[in-house]
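Beneath this line is the structure, given in structure tokens, with notes to follow.
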Amino acid sequence: MKDNLNSIDFLLRCADTVVSKDELQKRISSKKKLNLKLGVDPTAPELHLGHMVILKVLRRFQDHGHNVQIVIGGFTALVGDPSGKKTTRPVLSAVEIEKNTKRYKEQALLILDSRKTDFLNNNDWLGNLSAAEILGICQARSLNRIIERDDFRGRLNRGESIRVHEVLYPIFQAHDSVVMCPDVEMGGTDQIPNFMTTRQAMKESGQDPEIVITMPLLVGLDGKKKMSKSYENHISLEENAKDMYGKLMSLPDAPMKDYFHLLTDIEELKISEILSMHPMDSKKILAFEITSFLKGEESALSARSHFENTIQKKTIPDDRKTFTYSSDVNLLDVIHKTGNFSSKNEVKRLISGGGVKVDGDTINDWQFIFKPKFKGTVKAGKRFWFDLEVL
RNA sequence: GGAGGGAUGUCCGAGUGGCCAAAGGAGGCGGGCUGUAAACUCGCUCGCGUAUGCGUACGGGGGUUCGAAUCCCUCUCCCUCCA
């Protein structure tokens, strides 16, 4: 059973919810150019592979001629999504939002087709609503419907407080869709309750409700928790090719299958074929595929050979810095001065723990002195090498 | 408005006057094993040029004491219950 790259099943590969597939099929068959909406939060401008999952699906739609509208939540950022009880929500200035938006654009366009992508800011329509207008919108919504969702109901049952603005959040988000009239809205699984409110709102405004597609969360490099910057298990889209490739190689085996499905366009059959190889070889294909898609084939090739040389063949990489001293220096100082370690104690620990080699020999005396005329290569920690020369 | 509970190192969490730079766990770092995977295993995990030493550190400030994370006062923040 081969994937047909044009089939709706391929477009929706791995989607965990589609409401509804029939409707989508109908709209696609009508040959109409569809508008796909994606809402983003301008408080977190650094994108990673987890964000790429959705962008990748959007890109497939674009390749079929459809259009993508990214809504920057300039206004809703001030309201705060009810999921997650963040202590204080930073209030962003217009300038910051501008800056974050720009950065977001750059990263998103690594994946999306710029000719088929529009960027909007919901502050443009939400920011100027009068109190009367807000009342009007709220009049058409029912609280019952909103607090049906599990997280609200749970909090009510447990007697935990729900702030009024949290209830308003889905109303504002829904209003975006009422204004934009998208055919499809995409998001993460956690957005489903908000999307349901949105569909309801669109119906009440006499529109065809948007189709909702949600994608599963990508697991992070620890193989356990979802990929997130705050868990420090992410791979940033801004990462350079070498690090991206290297980090992908450190991914546990188990999530590889998901990574192939969610982040590449490789067909189903081919994926199972790749996964039946030695896990390390499959992972190299995965790492290459993703790095090359985001950073270009050339960088990916050199990232791969860098990995093979330094890690697999244990060759010392040649892009090392050289540090030169004019008189005796000890090991501690030399390593500390490279600026890669935050304190001398940290370096001492590294040295006495056996993590430092000079020209291949482990040295665990931090007072080790380099005499004049010394010339050699120091390895400090797992993957940091530098040259040292004492005149 | 009233009653009560809480804030400890990156995180979780023990500790209720000296033996506390503070148990334990997680995470992280380094070694071994390996496929820079997992699992396993061993060591380290505030800073200071080398220290039975000094400095910082248990939400902020002040006090009691020879001595405070531990007691008292006060401030800030969080939570629960009643209204």
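Note on naming: letters A, B, ... go to the chains in the order of the sequence lines (proteins, then strands), and numbering restarts at 1 for each one.
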Distance, rounded to the nearest Å, where A:K313 contributes NZ and B:G35 contributes C1': 15 Å

Between B:U10 (C1') and A:N233 (CG): distance, integer Å: 15 Å

Pair assignment for B:C11, Watson-Crick or G-U wobble, requiring both distances under 3.5 Å: B:G25

Residues A:D243 and A:N240: side-chain donor-acceptor under 3.5 angstrom: yes

Spacing of A:F341 atom CZ relative to B:C29 atom C1', expressed in whole Å: 10 Å

Hydrophobic cluster (4.5 angstrom, side-chain heavy atoms) - remaining members for A:F341: A:F323, A:Y325, A:V329, A:L331, A:L332, A:V334, A:I335, A:V347, A:L350, A:I351, A:V356, A:V358, A:I363, A:W366, A:F368, A:F370, A:F374, A:V378, A:F384, A:F386, A:L388, A:V390

Integer-rounded Å distance: B:G30 C1' and A:I351 CD1: 12 Å

Pairing of A:K242 and A:D319 as salt bridge, 4.0 angstrom limit: yes

Rounded P spacing from B:G32 to B:G55 in Å: 39 Å

A:D113 with A:R115: basic N within carboxylate O range, under 4.0 Å: yes

Separation of the C1' atoms in B:U16 and B:G31, to the nearest angstrom: 41 Å

C1' spacing across the pair B:G18 / B:U65, given as an integer number of angstrom: 11 Å

Lys/Arg N to Asp/Glu carboxylate O, A:E98 vs A:K102, below 4.0 Å: no

Whole-Å C1' distance, B:G9 and B:A83: 41 Å

For B:G4, the Watson-Crick or wobble counterpart (both distances under 3.5 Å): B:C79

Pairwise P distance for B:A69 and B:G17, with rounding to whole Å: 13 Å

A:T322-A:E389 side chain donor-acceptor pair, cut-off 3.5 Å: no

Pairing of A:K56 and A:D265 as salt bridge, 4.0 angstrom limit: yes

Nucleotides 36-52 of chain B: protein proximity per nucleotide (B base, S sugar-phosphate only, - neither; heavy atom, under 4.0 Å): BB------SSSBBBB--

Whole-Å P distance, B:G24 and B:G30: 23 Å

Interatomic distance at C1', B:G15 relative to B:G61, whole Å: 24 Å

Interatomic distance at P, B:U45 relative to B:U10, whole Å: 15 Å

